[in-house]
Amino acid sequence: MIVTQSSFFPPQKVLGVVIRKNDSKGFPDKKNVGSERHTFSFIIKDSPNDSINVSCWGSQDYIRVLSDSFSIGDRVLIENPLVVTKDIEKEERYSPWTPSLYRLMVSEFHSTVRSCTESEEDAKLPLLLHLPMKNPQDYYCLRDIVANGQALDGKVINILAGVRSIGEPKFFTTADRRTGQRCEVKLFDETTTSFPLVCWDNESIKFAQTWVPGETVLFIADVRINFDNFRNCMTATIISKTIVTINPDIKEANLIFNYMREFIESGGLDEFEDQMEEQVNLESIVDTYTVDQLKVRAQQDTGKSGPIYGVTYAFITALNLDSSVTKLIRTRCARCRFEINEKAGTCINETCIDSGNPVQAIMRFDLLVDLTDHTGTLQSCNLSGNSAEEMLNYTVDNFLNLTEDQKTSLKWQFLLERCKIFVKVTRFSCIIIVVHITGSPLKYHLLPQIVSHDTVRLGLDCSARRLDLALETF
């Protein structure tokens with residue numbers, strides 16, 4: 001066991017699962033002026049209660065290759081490490097807490113670290129990834145963090161929450177020409193619909209890309225809380241002391257997981273709202289796709305690589321503006337975003353603090369749009385919220401005052417128009433961000449053939465051959 005290791009009886013081999021890993025970095029070598037020593041650290045665990053910090057030292061090439069050879073969640077075998085008594089006050093100021101009184105040192109010429117083969121690894125080690133390093137009862141729910149506000153600014157705490165969305169890593173260069181990256185994860189639980197978790201180091205960002213929105217619950221030990229003056233909200237930041245446990249094996253995590261499933265099934269996880277919170281810069285969306293290419297990319301998506309942002313030039317061939325209002329507009333609880341019982345005016349979410357009571361409701365467009373180009377049709381794309389209002393030039397309230405004939409007339413202002421469309425595509429959906437109508441004569445090729453304005457589908461079915469021919473000309 002790791003806990004029994006000491007400098008008096010140095011181990012020949014230590015086998016464990018990696019639960020935390022920091023980025024490598026270099027320092028001037030005092031013994032060899034002009035050269036650098038490089039290092040990185042990680043933590044391994046070999047039993048529910050035993051873990052230890054490991055520091056690796058060596059040349060730049062050695063550290064780079066060693067660091068790239070394994071990741072968080074891998075099982076590693078360490079041979080001939082040096083056991084050093086831990087300076088508790090100094091190390092735990094910057095390093096994650098471990099119960100061991102010692103730490104292991106790996107040197108380039110005397111020690112080895114390698115990933116285990118199946119025959120070498122302990123079958124129980126993967127289970128340790130789901131056991132929190134800190135007391136699983138000692139954590140803040142997201143509502144308490146928001147409620148405490150700036151009183152928690154700069155504090156290091158524990159959080160238990162689910163993953164709502166994972167942003168793409170964003171690269172930047174500092175004034176002194178150092179490069180870095182940043183990734184923001186949105187958390188949520190039964191008390192708060194969205195809370196930002198920021199990752200700055202490469203290892204945390206790589207680890208975050210393996211989480212699955214709506215399916216992964218996190219116990220985040222020793223995360224720093226700050227008040228973001230720019231966004232006027234509280235945020236959490238992963239620091240060198242932080243250890244993230246995925247899908248922790250505790251009752252409270254199971255409750256959050258069940259809540260996430262109910263939240264998603266009820267439509268509460270509104271992807272468009274997440275996209276708006278990210279404030280997508282349209283100028284950064286430069287990749288152009290055909291409809292068929294978007295379909296292929298969506299099918300290849302595993303849910304771990306994040307959404308695909310792109311531009312497609314297509315015709316709007318279905319727009320359900322003259323459907324029943326209940327199919328066009330969603331009414332939700334202003335607090336938890338669950339749908340409400342419209343007759344009773346109450347939230348259907350049993351975990352909402354306003355459950356069973358009259359609630360403040362918000363109404364949002366939730367339209368379905370078909371996009372067609374010469375390669376095919378992308379059906380049931382979601383156009384909602386502000387994007388729908390901007391395209392239609394109507395608010396929800398103004399739209400509800402339109403007659404059926406006016407709604408049909410409004411629909412035909414967009415049907416069969418060629419558009420430049422910014423989209424966000426995942427394996428589950430296509431979200432329309434912005435629509436710019438570029439105009440086309442396609443409508444006038446087909447209009448004489450369309451016998452009913454009740455649905456564009458009937459007209460397109462009657463003129464499918466002519467539609468294909470017209471599309472090929474654009």
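Heavy-atom basis, side chains included; hydrogens, waters and symmetry copies ignored. Small disclaimer: the values here were computed from a predicted structure and weren't measured.
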Side chains of [X] and [Y]: donor-acceptor distance under 3.5 Å anywhere?
X	Y	answer
Arg418	Tyr313	no
Asn53	Thr98	no
Asp405	Thr408	no

I'd like to check [X] versus [Y] (side-chain heavy atoms, cut-off strictly below 4.5 Å). Are they in contact?
X	Y	result
Lys206	Ser71	yes
Cys430	Asn382	no
Ile316	Cys419	yes
Ile433	Ile285	yes
Val291	Thr372	no
Met133	Ile19	yes
Asn158	Asp222	yes
Phe195	Val146	yes

List the atom of [X], the atom of [Y], and the distance in Å for their closest heavy-atom pair.
X	Y	answer
Arg297	Ile308	CB-CD1, 3.2 Å
Glu184	Arg182	OE1-NH2, 2.9 Å
Gln181	Pro169	OE1-CB, 3.5 Å
Pro126	His130	O-CD2, 3.8 Å
Phe422	His436	CE1-CD2, 3.7 Å
Trp211	Pro213	O-CD, 3.7 Å

Is a side-chain N or O of [X] found less than 3.5 angstrom from the main chain of [Y], in a donor-acceptor match?
X	Y	result
Asn202	Asp23	no
Ser67	Arg64	no
Thr191	Arg143	yes
Asp249	Leu131	no
Thr237	Val198	no
Thr290	Gln293	yes
Lys327	Leu367	no
His38	Ser24	no
Arg20	Thr242	yes
Asp366	Leu328	no

Item to complete: Establish, yes or no, whether the cationic atom of Lys134 lies under 6.0 Å from the six-membered ring centre of Phe219 and within 45° of the ring axis.
Response: no

Worksheet item: Is the Lys NZ or Arg CZ of Lys25 less than 6.0 Å from the centre of Phe40's six-membered ring, within 45° of the axis?
Response: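 So Lys25 doesn't make the cation-pi contact.
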
Item to complete: Answer yes if the ring centres of Phe365 and Tyr394 are under 6.0 angstrom apart, and no otherwise.
Response: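 Ring-ring flag for Phe365/Tyr394: false, centres at least 6.0 Å apart.
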
Item to complete: Check step by step if salt bridge (Lys or Arg N to Asp or Glu O under 4.0 Å) holds for Lys407 and Asp322.
Response: CA-CA 6 Å; Lys407 291 177 184 177; Asp322 45 8; over 6 Å; no

Discussion item. Parallel, tilted or perpendicular, judged at 30° and 60°: which one describes the rings of Phe70 and Phe42?
Written reply: perpendicular

